Protein chains: 2
Amino acid sequence: MTKRIPSPHRPRVLAPIERVAGLDYDVLDELLGYSLRRAQVAIFHSFYEATRGLGVTPPRFTAMVVVGANPGISQSTLGSVLGIARSGAMTLTDWFEARGWVERRRAPSDGRAWGLHLTPRGEKLVAGMKRRVAEGDLKRAASLTAKERRELLRLLGKLAG
Amino acid sequence: MTKRIPSPHRPRVLAPIERVAGLDYDVLDELLGYSLRRAQVAIFHSFYEATRGLGVTPPRFTAMVVVGANPGISQSTLGSVLGIARSGAMTLTDWFEARGWVERRRAPSDGRAWGLHLTPRGEKLVAGMKRRVAEGDLKRAASLTAKERRELLRLLGKLAG
DNA sequence: CCAGATTGTAATGGTCTATAACAGTCCCGC
DNA sequence: GCGGGACTGTTATAGACCATTACAATCTGG
C-alpha cells in the first residue's frame, strides 16, 4: 500500500462529450435521451465556468435561486422543486448554512417547518451567479439564433410538462 | 441500533419533477440548464418503463447500442462515447460480461486492447430494448408534433456540437 | 532500440441521493 | 376537544456512479 495524497474536494467536472469520428451511433441520434444528455453536458460545462471556485453545482444553483425568489420556502418544497428527497434538501440546506448563504428561520404558521432565507451575503452571491450563468448560457447557445433558442426552451418545456 | 433490511439493488428511479404551483421560478425558466434537466428526467422516466427489470441505465443502454453497432470497439473508445473515464468503461464492461451480454476478445492488431462484442443473448436483448426505448421515447414526445420533435433533435444537436 | 504514449486494470475515495425510522407538529372528522 | 393519519425535519445507513492514481504490458515513432 503506497501513500496517497487525498484528492481535493472538487465539484464534478464533466468534460464535453466529443463525437467519435467514424463510429456508428445507430439509433442514438434519433433518441431524445442521448441528445438531451449531450446537450446537458455541454451546458454544464459553461455553467461550471460561470461558477468556478464556488463549489456550486446545478442543483445548488437552482436551490439558491428558488430560495431567493421565494423567501420562507420550506425544505420539503425545495426538495420538490429539485426533484430530490427531503433528506437531500436538508443536506443541501446544511451546506448553504455552513457557508452563511442561507439561514433557517422558524416558520410562523407551522411549528414543524423551517423557512429558508438568503443572508445578505447569499443575496449578493446569487445575484452575481444569476448574471454569470445567464451569460454563459447565452454564450453556449451562440450557435443558435435567438428564435431557435426560444423555440428550444418551448419544446423542452412541452416535453417536461 | 435497530435491525434493518438491506435495500434491494435497484436502478435509480427519478420521479418526474412536478412544477410547484404558486412558486416563483425566477430566471430558471429562461435558462437552458434547468429546462434540459426537467426534460431529461421526464425522458428517463419513460426509459425506465421501457427497460423495467433489466437494471439497464441510460449509459448502459448507450453502451450496448454502440457495442452492437461497432463490434470490436475498445473499452477506451467506449468510454469516450459515454463521456466517462477508462476505469468506468471497465466497470461497465464487467457488468455486461457478468450477465453474458458482452464478451471481450483480444484485439488482433493491438495486444493491449480488448475488442468488445455482443453475445447472441446480448444481440437479442439490445434489439428488444432499442425497439421499446424508441417506442417510449415517441410516446413521451407525443405532446410534440413530428416536426417539432425533429426540430428539437436538431437544436439539441447544435447545442451539444 | 528506447522514450513516451496508450490500454486495461485495481484500489481507493468522494459525491450525490435514496430509504427507513423517529419525534414533533398539524389537520380533520367525529 | 381529541385521536388517527399525514406531514416536517432530522439522523443513520447504504448504494450507485464516477474520478483519480498508480502500475504493468504493449505499441509507436524517431
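Since the structure is predicted, the reported quantities are computational estimates derived from the model, not experimental observations. Letters A, B, ... are given to chains in the order of the sequence lines, protein chains preceding strands, and every chain is numbered from 1.
For A/Phe61, the ring-ring contact (aromatic ring centres under 6.0 Å, His included) partners two or more places apart in sequence, or in a different chain, are A/Phe47. For B/Lys158, the salt bridge (Lys or Arg N to Asp or Glu O under 4.0 Å) partners two or more places apart in sequence, or in a different chain, are A/Glu148. In terms of the salt bridge (Lys or Arg N to Asp or Glu O under 4.0 Å) criterion, B/Glu30 has no residue partners (sequence neighbours excluded). With sequence neighbours excluded, no residue satisfies side-chain hydrogen bond (donor to acceptor under 3.5 Å, both in side chains) with A/Glu123.
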Can you list, pair by pair, the side-chain donor-acceptor contacts under 3.5 Å of residues 16-24 of chain A, counting residues two or more places apart and other chains?
residue, atom, partner, partner atom, Å
A/Arg19, NH2, A/Asp29, OD1, 3.0
A/Arg19, NH2, A/Asp29, OD2, 2.7
A/Asp24, OD1, A/Asp26, N, 2.8

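If you check residues 70-82 of chain A against DNA chain D, the residues with a heavy atom closer than 4.0 Å are A/Ser74, A/Gln75, A/Ser76, listed by number. Within residues 61-69 of chain A, no residue approaches DNA chain C, by heavy-atom distance under 4.0 Å.
Looking at B/Arg104, its side chain never comes within 3.5 Å of a backbone N or O of B/Leu116 through a donor-acceptor pair.
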Atom pairs under 3.5 Å: protein N/O with N/O of nucleotides 1-3 of chain D:
none

Using a cut-off of under 3.5 Å, enumerate the N/O to N/O pairs linking the protein to nucleotides 26-29 of chain C.
residue, atom, partner, partner atom, Å
C/dC26, OP1, A/Gly111, N, 2.7

If pairs are Watson-Crick or G-U with both distances under 3.5 Å, what is the dot-bracket string of DNA chain C, marking crossing pairs with [ ] and pairs to another strand with |? ||||||||||||||||||||||||||||||

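Toward the 5' end of DNA chain C, the nearer of the two residues A/Pro59 and B/Gly115, judged by each one's closest nucleotide, is B/Gly115.
A sub-4.0 Å separation between OP1 or OP2 of D/dC17 and a side-chain N or O of B/Trp95 is absent.
Sorted by first and then second residue, the salt bridge (Lys or Arg N to Asp or Glu O under 4.0 Å) pairs involving residues 69-93 of chain A (not counting sequence neighbours) form an empty list.
Of all heavy-atom pairs spanning A/Ser74 and A/Thr77, the tightest one is OG-OG1, 2.9 Å.
Members clustered with B/Trp114: none, using a 4.5 Å side-chain heavy-atom cutoff among hydrophobic residues.
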